[in-house]
Amino acid sequence: MDDKYITKEVEQKIREYWKVNEINKFKKDGKPIFAIDTPPPTVSGFLHVGHVFSYSQADFVARYKRMKGYDVFYPFGLDNNGLPTEILVEKKNNVLSEKVGREKFIELVENSIKEYEELYINIWKTIGISVDWSHLYTTISKDVQHISQYSFIELYKMNRAYRKETPTIWCTKCKTALSQMELKDKTLKSKFVKVKFADDVIIATTRPELLPACVIIFVNPDDEKNAKLVGRKVKVPIFGQEVEIKTDKRVNPEKGTGIVMSCTFGDLTDIEWYKAYNLPLRVIIDEKANMTHPHFKDMKVRDARKAIIEELKEKNLLLEEKDIEHTVNVHERCDTEIEFLVKKQWYIKYLDLKEKLIELGNQLNWKPEYMKVRYENWVNGLQWDWSISRQRYYGIPFPVWYCKKCNEPVLAEKEDLPVNPLNDKPKKPCKNCGSTEIIPEEDVLDTWATSSLTPLINKKWSLDTEIKYDIYPMSLRPQAHDIISFWLFTTIVKCYLHTGKLPWKDVMISGHGLDATGKPMHKSVGNIVEPMPIIEKYGADALRYWASSSKLGDEALFQEKDLVTGSRIVNKLWNVAKFTSKINSDTKEVSNLLDKWILSKLNDTVKKATEMFEQYNYAGAKREIEAFFWDVTDNYMEYIKHRVYNNIESPGYVLNKVFLSIIKLFAPYMPYVTEEIYQNLYKTQENKNSIHLSDWPVFEEKTFDKKAFEDGENISRLIKYIRAWKHDNKLALNAEVKEVIIEGEINKEYLNDIKGVMKINEITLGKATLEVAETPFKVTINV
RNA sequence: GGAGGUAUAGUCUAAUGGUAGGACGUCACCUUUACACGGUGAAGACCUGGGUUCGAUUCCCUGUACCUCCACCA
């Protein structure tokens with residue numbers, strides 16, 4: 001064995017070995033299948049160690065299950081069907097998607113992000129994620145387009161997908177409809193003005209430019225001071241339309257004057273009111289944030305606001321003008337304030353399924369369990385059906401045209417998928433009126449409408465190549481907690497609608513890897529830690545070690561010192577391997593009590609670690625394994641040295657057995673160093689190609705000796721006590737001691753070991769003075 | 001505003017109804033034939049207030065701080 005373990009060289013070599021020997025291949029060999037629904041990372045141009053954090057955690061489980069004898073189906077996806085990728089490609093090629101056209105742009109994406117995909121895949125491979133790369137998908141690929149469109153057609157046929165003209169959250173910069181999920185808060189400076197509608201009807205608003213769209217006025221039903229207004233009609237200043245004053249509990253009587261005007265549409269509440277009271281629609285803003293009302297000819301929304309404030313002032317209708325900072329919803333990508341427009345949109349109907357969805361959530365095995373509440377809160381809070389139309393150029397198109405004559409949707413035939421309605425034509429005329437004149441749907445599907453299908457994408461559902469093996473429902477969905485309400489939820493919805501089943505048995509919810517100060521890593525914040533330089537310096541095993549130290553669901557701060565700990569263990573493992581390899585291990589008989597002690601302790605560790613791993617508690621398992629490992633190196637190995645050097649009762653067999661188990665237990669976390677040691681020391685005897693295909697250690701009744709386990713702990717404490725005594729008395733650890741007197745019941749078989757380990761000339765049993773804590777012993781030491 | 005989570009040494013963390021284990025850092029000692037990316041030892045911590053209890057860091061309540069998700073933001 002080499003004297004030094006050079007991380008970089010070994011890891012590269014091992015990686016190549018795994019590839020050639022197809023260690024991670026889904027074998028379809030009849031063993032029970034463990035299928036993992038890996039999250040497809042968004043291709044946005046960069047990855048950070050936070051990504052490594054959560055993917056490593058899933059890989060610990062994958063590797064554990066493989067060693068437990070499962071045929072692990074571990075596919076991978078890349079999400080390139082979304083705004084981040086679109087922006088990346090636009091920047092890189094200096095084009096705009098809408099100028100290029102959909103089909104061409106998709107092609108451009110597929111071509112120009114190859115290098116990023118390779119970069120990504122290279123990082124995952126370097127980290128040692130044990131994915132079977134022959135099952136790679138990308139979400140904009142033809143196959144996935146096929147699956148996604150197929151899903152839409154199915155949903156349409158079961159009356160789950162419907163099209164309706166409704167108010168939509170709209171980004172006037174990106175010129176697309178958004179879902180609530182794509183919004184974030186932003187604090188902006190604005191004017192809060194009080195406008196006089198009548199002497200006793202004063203309305204405070206931040207959006208006076210919406211006065212022409214005012215359709216109704218509300219006060220709170222419990223608001224006594226404004227109760228007298230209810231039922232009255234007032235004229236809107238300047239614009240003159242008459243509106244009624246009604247009550248609604250959504251009004252906060254404490255805010256402003258307690259009187260609210262509802263305009264179609266200023267905010268989400270306006271939309272709720274519009275729906276609840278069937279209000280008239282007055283659209284005065286267009287898709288590009290231009291005012292369409294003649295009063296504000298050619299003005300942008302912001303300019304109109306200034307103009308109307310001036311006009312109200314002139315006409316003495318403005319009672320108060322206050323500068324405020326308030327939070328508004330903006331599009332998370334471009335920071336533009338959103339508006340509400342009325343558009344025809346496709347929806348998926350699911351409000352009627354709430355109860356069923358809760359029930360499905362209960363059937364799912366949540367790790368950690370408390371994450372389930374977030375799902376339940378989300379489902380209980382659902383108010384609208386799922387809007388799946390996006391007015392973007394880039395994305396998976398709806399497989400739909402509309403009949404020019406009767407407006408009836410004309411769906412694509414399944415055998416023609418995927419289709420692009422902008423270029424393709426339906427094979428059949430309109431079912432309703434027989435016309436062949438059609439208008440293509442221009443919208444694309446929301447990316448969640450596609451990524452919610454990953455379990456079915458993995459199965460290649462609806463394709464000729466559909467996997468016939470039993471991988472659905474899948475065994476495990478690993479994902480982070482921030483997207484429980486999107487990805488996890490939408491996947492349950494869609495997979496339930498398509499298959500009538502939950503998509504997986506277990507979910508494992510990870511936290512985030514944060515920067516050293518506890519902030520999420522963002523390119524814009526500039527706190528990204530890239531994985532490759534870290535791996536270069538400390539090795540992939542050390543980085544994975546960091547990911548293993550925080551328990552499932554918890555966030556972890558990234559601090560470089562944590563990698564020092566990991567690389568120390570790697571180094572230690574290597575050195576133990578060197579020591580172990582030199583010791584004669586011919587004798588298979590175990591007679592020494594300290595040998596029995598360490599074997600029993602190993603059994604105990606195996607039992608605990610396995611139980612924890614079964615519960616996805618990789619962090620707890622690692623702690624057990626690590627504690628045992630350090631006990632072996634700091635103590636057991638010191639205890640046996642005198643036997644090794646003097647060639648008595650060789651502990652080689654036991655040490656090898658213990659060490660082989662240790663590297664197996666560590667293998668899911670640190671796959672490289674454990675593999676390298678395995679190849680050097682144990683491959684031949686075990687006759688397995690890789691440690692990752694070897695068997696996970698099991699608890700052995702026959703080598704577990706409870707008495708030796710407990711006695712050994714006491715002897716170990718006794719030795720450590722003498723060690724500390726030597727230190728306190730300024731003696732070297734290998735200094736000779738004339739005599740040690742031990743008081744307390746002790747098996748004489750231990751005496752030779754104690755003498756040998758501590759270089760004691762004579763041990764006598766009898767009255768002693770120094771109490772050894774947590775043991776039945778007292779000792780007296782004479783130098 | 002609602003829901004959930006977290007609060008332990010300088011830092012990161014673990015366990016526990018009887019005052020707490022580990023890692024990094026710090027200090028002291030040791031050049032002991034696997035390892036100075038080493039060994040041995042030392043110093044150093046349970047957010048506030050209340051309750052249950054013989055006894056709470058641990059259980060319950062309250063407050064505070066931080067994090068996450070959701071809602072609101074006229």
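Throughout, a chain's letter reflects where its sequence line sits, starting with A, and its residues are numbered from 1.
Rounded to whole angstrom, the span from the CD atom of A/Glu624 across to the P atom of B/rG22 amounts to 14 Å. Distance CH2 (A/Trp546) to C1' (B/rG22): 19 Å, rounded to an integer number of Å. When rounded to the nearest whole Å, the span between CZ of A/Phe628 and P of B/rG22 equals 18 Å. Rounded to a whole Å, the CZ atom of A/Phe629 is 15 Å from the C1' atom of B/rA23. One atom, CD of A/Glu626, and another, P of B/rA23, lie 9 Å apart when rounded to the nearest Å.
Among residues two or more places apart in sequence or in another chain, the side chain to side chain contact (heavy atoms under 4.5 Å, CB included) test is passed with A/Val283 by A/Leu281. Looking at residues two or more places apart in sequence or on another chain, you find a ring-ring contact (aromatic ring centres under 6.0 Å, His included) between A/Tyr274 and A/Phe265. With sequence neighbours left out, the side-chain hydrogen bond (donor to acceptor under 3.5 Å, both in side chains) criterion links A/Arg717 to A/Asn714. For A/Lys537, the side-chain hydrogen bond (donor to acceptor under 3.5 Å, both in side chains) partners two or more places apart in sequence, or in a different chain, are A/Glu560. Not counting sequence neighbours, the partners of A/Trp574 by the ring-ring contact (aromatic ring centres under 6.0 Å, His included) test are A/Tyr5. The side-chain hydrogen bond (donor to acceptor under 3.5 Å, both in side chains) search around A/Tyr370 returns none, not counting sequence neighbours. Contacts of A/Asp385 classified as side chain to side chain contact (heavy atoms under 4.5 Å, CB included), with partners at least two apart in sequence or in another chain: A/Tyr162, A/Tyr347, A/Lys349, A/Tyr350, A/Leu351. For A/Asn362, the side chain to side chain contact (heavy atoms under 4.5 Å, CB included) partners at least two apart in sequence or on another chain are A/Ile358, A/Lys372, A/Glu376. Qualifying side-chain hydrogen bond (donor to acceptor under 3.5 Å, both in side chains) partners for A/Tyr721, counting only residues two or more places apart in sequence or in other chains: none.
Ranked by how close their nearest RNA chain B nucleotide is to the 5' end, A/Lys730 and A/Lys759 are led by A/Lys730.
Of all nucleotides present, none satisfies the Watson-Crick or G-U wobble test against B/rU32 with each distance under 3.5 Å. Under the Watson-Crick and G-U wobble criteria, each requiring two contacts below 3.5 Å, nucleotide B/rA15 is left unpaired. Base pairing of B/rU68: its partner is B/rA3, meeting the Watson-Crick or G-U wobble criterion (both donor-acceptor distances under 3.5 Å). Figure legend. B/rU53 is base-paired to no nucleotide; pairs are counted as Watson-Crick or G-U wobble with both atom distances under 3.5 Å. In this entry B/rU26 has B/rA42 as its Watson-Crick or G-U wobble partner, both defining distances falling under 3.5 Å. A 3.5 Å limit on both hydrogen-bonding distances identifies no Watson-Crick or G-U partner for B/rU8.
A/Val570 comes within contact range of no nucleotide atom at all, as no heavy-atom separation falls under 4.0 Å. Among the heavy atoms of the strands lying under 4.0 Å from A/Ala204 are primed sugar atoms or P, OP1, OP2 only; no base atom is included.
Under the 4.0 Å criterion applied to side-chain N and carboxylate O atoms, A/Lys641 and A/Glu638 are assigned as salt-bridge partners.
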**OP:** Go through the steps to decide whether A/His642 and A/Lys759 satisfy the test side-chain contact (heavy atoms from CB on, under 4.5 Å), and finish with yes or no.
**Re:** CA-CA 9 Å; A/His642 76 102; A/Lys759 290 221 171 172; over 6 Å; no

Original post:
Can you give one letter per nucleotide of nucleotides 12-20 of chain B, going 5' to 3': B for a protein heavy atom under 4.0 Å from the base, S for sugar-phosphate only, - for none?
Top reply: S-S------

Subject >> Nucleotide-resolved protein contact map, nucleotides 34-46 of chain B, B/S/- at heavy-atom distance under 4.0 Å >> reply: BB-BSSBS-----

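Nucleotides B/rC59 and B/rU48 are separated by 15 Å at their P atoms, to the nearest Å. Separation of the C1' atoms belonging to B/rU8 and B/rC12 is 11 Å when rounded to the nearest angstrom. Nucleotides B/rG55 and B/rU68 have their P atoms positioned 40 Å apart, rounded to a whole Å. When the P atom is compared between B/rC30 and B/rA23, the two are found 22 Å apart, to the nearest whole Å. If you take atom C1' in B/rG51 and the same atom in B/rU58, they sit 15 Å apart, rounded to whole Å. When the P atom is used for both B/rG4 and B/rG21, the distance is 34 Å, rounded to whole Å. For the P atom pair drawn from B/rA20 and B/rC61, the interatomic distance equals 27 Å after rounding to whole Å. Comparing the P positions of B/rG10 and B/rA36 gives an interatomic distance of 32 Å, to the nearest angstrom.
Ring orientation note: the planes of A/Phe666 and A/Tyr669 are nearly perpendicular, at an angle over 60° on the 30°/60° scale.
In this structure, of B/rC70, B/rG5, B/rC72, it is B/rC70 that holds the atom nearest to the side chain of A/Trp378.
In the region residues 205-214 of chain A, proximity to RNA chain B at under 4.0 angstrom, judged on heavy atoms, holds for A/Thr205, A/Thr206.
Between A/Thr490 atom OG1 and A/Trp448 atom CH2 the span is 6.5 Å, to the nearest 0.5 Å.
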